[in-house]
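What follows is a set of notes on a single structure, which appears directly below.
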Amino acid sequence: MYYNNNTILFLDGKYVKAAEATMDLYSQSLHYGYSVFEGIRSYRTETGETKIFKPVEHFERLRISAESLNLPYPWHADELIKATYEVLAKNNFQNAYIRPVVYAPANMTFATNTVSHIVIEAWEMAPFLGDKLLRIVTSSFQRPNPKAFKIHAKAAGHYVNSILASQEAKAKGYDEALLLDMNDHIAEGPGANMFFEKNGVLYTPQAGNILAGITRATVLEICAAEGFTVIEGQFTMEDLRKADSAFYCGTAAEVIGWQSIDDTVFPLDWKDTKGAIIQQLYTHRVTEKQVVKKESLA
Ligand code: PMP
């Protein structure tokens, strides 16, 4: 259940009941998958406040996604962040998943629109504890070709690819899929970016053929702060099969370790990986937990 009779959402400048909100069934977005969205999270911080994690980055990406697809985008990040906090407050949410969607009016042609609509929905989502490890399978589906799609945009239509890949992986008995790009380089998951570790060095697919996520950027910040070496590049399945460990990261997934790829179990115990350290430091960041480093205790 994403909403009940009391849930409030933000729709084109107004706060309305989710159960009473409507959209045009003749929308170009519904018919052609032509809309853009964000996936954002809020957390109850250590001091008890409600904080949206990296809201400016998310609403900036929403704007870039909309403009990449020629969807009119007349909003400012400030007003949308304010509206999102208002939605959280009206619903009494602290730990939540927030889903803004920019969508098109009724239009059965492929012509550009002069207006867009915006909705901001939220539902409660507890922080992930990260102890379960994923069994991953290589997908028979490739990620969309950047020459066919604006792959840096978080566009609804791209997610048909994600849905197919994820459904296929689950039908085969795995937890999630891993997709390659059109050159058979490792790309990403249906809704998350990946890192793998080999001999203490971290590797992650470079930007270009992936949605380079905000969590990925946060992981890179954590690695820089911790002095972990990260190499962004083009990697093959052969590289991954020889890895010591691997993990997915994304707003919804946070940081989640892998047990295996195509039934090859990673040799390093998750608790002994750089990923496990990053997982904990990510939780500290989103909940604004202040941690005194051991060295400075002396
Ligand atoms: N790749 C894809 C395809 C995704 O859908 C997501 C989730 N938005 C990510 C990566 C991770 O992005 P983020 O960390 O910004 O949530």
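Both ligands and their constituent atoms are indexed starting at 1 by order of listing.
Residue Ala252 does not touch ligand 1, judged by heavy-atom distances below 4.0 Å. Contacts of Arg61 with ligand 1, taken as heavy-atom pairs under 4.0 Å, involve the side chain alone.
The ligand atoms of ligand 1 that sit less than 4.0 angstrom from a heavy atom of Arg143 are 3 (C). Annotation for ligand 1: atoms under 4.0 Å from non-hydrogen atoms of Gly191 are 2 (C), 4 (C), 5 (O), 6 (C), 7 (C), 9 (C). Heavy-atom proximity to Thr251, at under 4.0 Å, picks out these atoms of ligand 1: 13 (P), 14 (O), 15 (O), 16 (O). Of all atoms in ligand 1, listed by their number and element, those nearer than 4.0 Å to a heavy atom of Glu188 are 1 (N), 2 (C), 3 (C), 10 (C).
The protein heavy-atom contact nearest to atom 5 (O) of ligand 1 is Tyr159 OH, 2.4 Å. Here the protein heavy atom with the shortest distance to atom 11 (C) of ligand 1 is Asn193 OD1, 3.6 Å.
Here's the thing with Gly39: none of its N/O atoms is less than 3.5 angstrom from an N/O atom of ligand 1. For a threshold of 3.5 Å applied to N or O pairs, the pair formed by Lys154 and ligand 1 contains at least one separation below that value. At under 3.5 Å, not a single nitrogen or oxygen of His58, backbone or side chain, sits near a nitrogen or oxygen of ligand 1.
Aromatic ring pairs are classed by plane angle as parallel below 30°, tilted from 30° to 60° and perpendicular above 60°; the pair Phe235 and Tyr203 is perpendicular.
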